There are 2 protein chains.
Amino acid sequence: MTSSVAQLKRSCEQCALSCFCLARDLLGSERTRFASVVKRRRILKPGDNLFIAGDRFHALYILHTGAAKSYLISESGEQQVTGFHMPGELIGIDGLSDHVHAYCVEMLETSSVCELPMPELDRMIATSRALRHRFLSLIAKALIDEQQMLLTLGKLNAEQRLAQFLLNMSQRHATLGGSESEFNLSMSRYDIASYLGLVVETVSRMIRRFQEEGVIEVEKRWVHIIKEENLRQRLAEAAERSLAQANKKRVMSSSA
Amino acid sequence: MTSSVAQLKRSCEQCALSCFCLARDLLGSERTRFASVVKRRRILKPGDNLFIAGDRFHALYILHTGAAKSYLISESGEQQVTGFHMPGELIGIDGLSDHVHAYCVEMLETSSVCELPMPELDRMIATSRALRHRFLSLIAKALIDEQQMLLTLGKLNAEQRLAQFLLNMSQRHATLGGSESEFNLSMSRYDIASYLGLVVETVSRMIRRFQEEGVIEVEKRWVHIIKEENLRQRLAEAAERSLAQANKKRVMSSSA
DNA sequence: CGTACGCTTGACTTGGTTCAATCCTGGTGG
DNA sequence: CCACCAGGATTGAACCAAGTCAAGCGTACG
């Protein structure tokens with residue numbers, strides 16, 4: 001037991017991820033203390049659930065390696081993917097509201113996850129200003145990302161949703177030190193479709209369209225973004241129609 | 001100055017809202033201390049912005065009376081309404097991530113708003129366990145609500161989106177002590193449409209459909225929900241098709 | 001008074017879904 | 001070792017829910 005804790009301390013202090021995760025802003029002694037909050041590393045296989053909706057909440061998690069998705073089951077029994085998680089990200093915040101998890105988290109790859117029991121984490125949030133601020137910052141970031149996603153689902157067409165998704169994945173891979181233009185997707189087309197509020201056929205067709213136009217290259221789950229700026233352009237293009245219309249109106253009223 | 005602070009203390013302790021807002025779980029001395037964190041009450045008129053995207057973040061807000069909407073502006077210049085706020089709700093959490101607000105908040109009615117400067121609030125979060133937990137709970141609740149909205153935009157059709165919206169509004173009005181079946185909407189049809197990822201014409205048509213079927217009664221922004229259970233039913237009905245299909249498959253494979 | 005805006009309604013169009021067929025790949029069992 | 005099968009992915013054709021366009025009504029407000 002003791003040795004495993006010691007090992008965890010070492011792993012937290014030497015962890016390459018610590019410049020991204022909740023521990024990012026912690027210095028010397030605080031980081032050591034944080035390491036002692038980490039209870040253990042769980043190893044999970046693809047398809048395993050870290051938790052499901054209705055599970056009692058007792059700890060937060062940081063994804064250490066691998067990838068995961070979170071999803072809700074609608075009243076009519078359909079799965080809606082609400083997010084993908086990459087190393088360094090905080091998982092399980094949904095349980096803070098009433099100590100029961102509101103959604104499900106399932107691994108997409110073999111992953112290791114750091115478990116942070118809430119009582120200990122809470123104590124450290126109270127006493128470490130740096131950790132508290134980092135913690136709130138990560139939660140707020142999650143909130144902002146979801147808002148962005150509301151915009152994606154509310155305003156963008158299928159092509160733009162896929163463009164947005166690819167750019168987002170690219171950027172997150174880059175943040176973790178990977179290539180910005182070449183990476184592997186860890187989720188299925190079905191997951192992508194659900195996440196983007198589309199059906200799998202539409203996702204497939206949009207990928208083909210991008211390939212035919214030479215914007216990306218795709219081989220199964222491997223993606224190569226050839227013209228990033230082209231993808232960005234498409235996101236702004238919803239304006240054209242509505243702007244053109246607004247201009248038309250302006251012209252009409254000024255000529256009248 | 002002093003007298004105004006005193007007045008605020010009184011108002012926090014006697015505020016009818018305190019059984020809903022951030023101060024809910026605070027007892028005697030802590031509630032008094034919380035009252036001293038509240039800097040002032042700002043009064044805003046319909047159309048006024050509490051803050052807009054890009055504004056520097058320095059305080060959180062609790063809506064005291066009135067109503068507000070939050071929205072994002074997409075890259076192509078369109079407005080996407082991401083939420084509606086009612087009394088007691090915490091506003092401005094988005095600024096915690098990098099001290100700049102990510103979205104805009106605009107009043108829908110003449111409203112009063114309690115301002116909680118972040119440095120003072122942060123100190124109290126660190127020291128009051130009750131406040132800290134209530135704070136995290138409210139943030140997590142916001143996150144869960146947004147996830148639910150992702151499901152709405154990703155999986156529900158126009159009719160179901162409106163049903164969901166009406167039930168949600170009804171429930172929130174009831175929580176604040178109003179009628180569950182009769183209330184006034186504070187937002188325009190345009191805001192509702194944007195929020196639900198629809199166009200205003202579709203919202204108008206769905207309202208008409210519900211009225212023709214005797215499920216609701218609407219007069220301008222006043223709503224009377226006649227058959228709540230009917231609205232609920234519709235939310236589960238997406239299943240029919242997919243469940244029917246799943247059953248068909250099961251029959252096929254068992255007969256084969 | 002008029003005009004601009006919120007809202008409604010009808011006719012038409014279309015982007016994305018649905019349905020159906022096929023291909024590919026990895027895993028399982030004979 | 002190969003045959004077989006299930007599940008992921010792709011593709012084409014037909015369809016429809018929601019968007020677009022256009023017109024009109026009521027009313028709040030300068």
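Computed from a predicted model, the values in this text were never measured in an experiment. Each chain gets a letter, A, B and so on, in the order its sequence line appears, and its residues count up from 1.
- In terms of the ring-ring contact (aromatic ring centres under 6.0 Å, His included) criterion, A/Phe20 has no residue partners (sequence neighbours excluded).
- Comparing the local axis fitted to the first five base pairs of the helix from C/dC1-D/dG30 to C/dG30-D/dC1 with the one fitted to its last five gives a bend of 40°, rounded to 10°.
- Rounding to whole angstrom units, CG of residue A/Leu153 and P of C/dG16 are separated by 13 Å.
- Atom P of nucleotide C/dG6 and atom CG of B/Leu185 are separated by 16 Å, given to the nearest angstrom.
- Between the side chain of A/Ser194 and the main chain of A/Tyr190, no donor-acceptor pair closer than 3.5 Å is present.
- Sorted by residue number, the members of residues 194-208 of chain A with any non-hydrogen atom under 4.0 Å from DNA chain C read A/Gly197, A/Leu198, A/Val199, A/Glu201, A/Thr202, A/Arg205.
- In this structure, the ring of A/Tyr71 has its center no less than 6.0 angstrom from the ring center of A/Tyr103.
- In this structure, the CZ atom of A/Phe210 is 17 Å from the C1' atom of D/dT10, given to the nearest Å.
- The distance from atom CZ of B/Arg209 to atom C1' of D/dA17 is 9 Å, rounded to the nearest whole Å.
- Going from atom CH2 of B/Trp222 over to atom P of C/dC7 covers 17 Å, rounded to whole Å.
- Across all strands, A/Arg161 comes closer than 4.0 Å to no nucleic acid atom at all (heavy-atom distances).
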Task: Verdict with supporting geometry, B/Glu201 and B/Arg205, salt bridge (charged side-chain N to carboxylate O under 4.0 Å, His left out) - done: CA-CA 6 Å; B/Glu201 292 94 329; B/Arg205 278 188 258 271; 5.7 Å; no

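- Residue B/Arg221 places at least one side-chain N or O under 4.0 Å from the OP1 or OP2 atom of C/dC7.
- Following rounding to the nearest Å, B/Met187 (CE) and C/dG6 (P) show an atom-to-atom distance of 15 Å.
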Task: Under 4.0 Å protein heavy-atom contact, by nucleotide of nucleotides 23-30 of chain D - B base, S sugar-phosphate only - done: -----S--

Open item on the list: As a quick check of understanding, evaluate side chain to side chain contact (heavy atoms under 4.5 Å, CB included) for A/Leu151 and B/Glu78, giving each step before the final call.
Closed with: CA-CA 10 Å; A/Leu151 195 151; B/Glu78 297 164 294; over 6 Å; no

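- The nearest whole Å value for the distance from the CD atom in B/Glu159 to the P atom in D/dA18 is 9 Å.
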Let me check something: any side-chain donor-acceptor pairs from residues 142-149 of chain B under 3.5 Å, sequence neighbours excluded? List them with distances.
residue: B/Asp145; atom: OD1; partner: B/Lys141; partner atom: NZ; Å: 3.4
residue: B/Asp145; atom: OD2; partner: B/Lys141; partner atom: NZ; Å: 3.2
residue: B/Glu146; atom: OE2; partner: A/Gln147; partner atom: NE2; Å: 2.7
residue: B/Gln147; atom: OE1; partner: A/Thr82; partner atom: OG1; Å: 2.8
residue: B/Gln147; atom: NE2; partner: A/Glu146; partner atom: OE2; Å: 2.7

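- Side chains of B/Val100 and B/Phe57 form no contact here, defined as non-hydrogen atoms less than 4.5 Å apart.
- Summarising the geometry, the separation between CG on B/Leu156 and P on C/dT17 is reported as 14 Å, rounded to the nearest angstrom.
- Note on A/Glu228 versus A/Arg232: salt bridge recorded, some NZ/NE/NH1/NH2 to OD/OE distance being below 4.0 Å.
- Judged as a side-chain contact (heavy atoms from CB on, under 4.5 Å), and not counting sequence neighbours, the contacts of A/Glu115 are A/Lys39, A/Arg40, A/Arg42, A/His58, A/Ala59, A/Tyr61.
- With a 4.5 Å cut-off on side-chain heavy atoms, B/Leu156 and B/Gln164 count as touching.
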Open item on the list: As a quick check of understanding, evaluate side chain to side chain contact (heavy atoms under 4.5 Å, CB included) for A/Met187 and A/Glu109, giving each step before the final call.
Closed with: CA-CA 9 Å; A/Met187 67 294 288; A/Glu109 302 173 359; over 6 Å; no

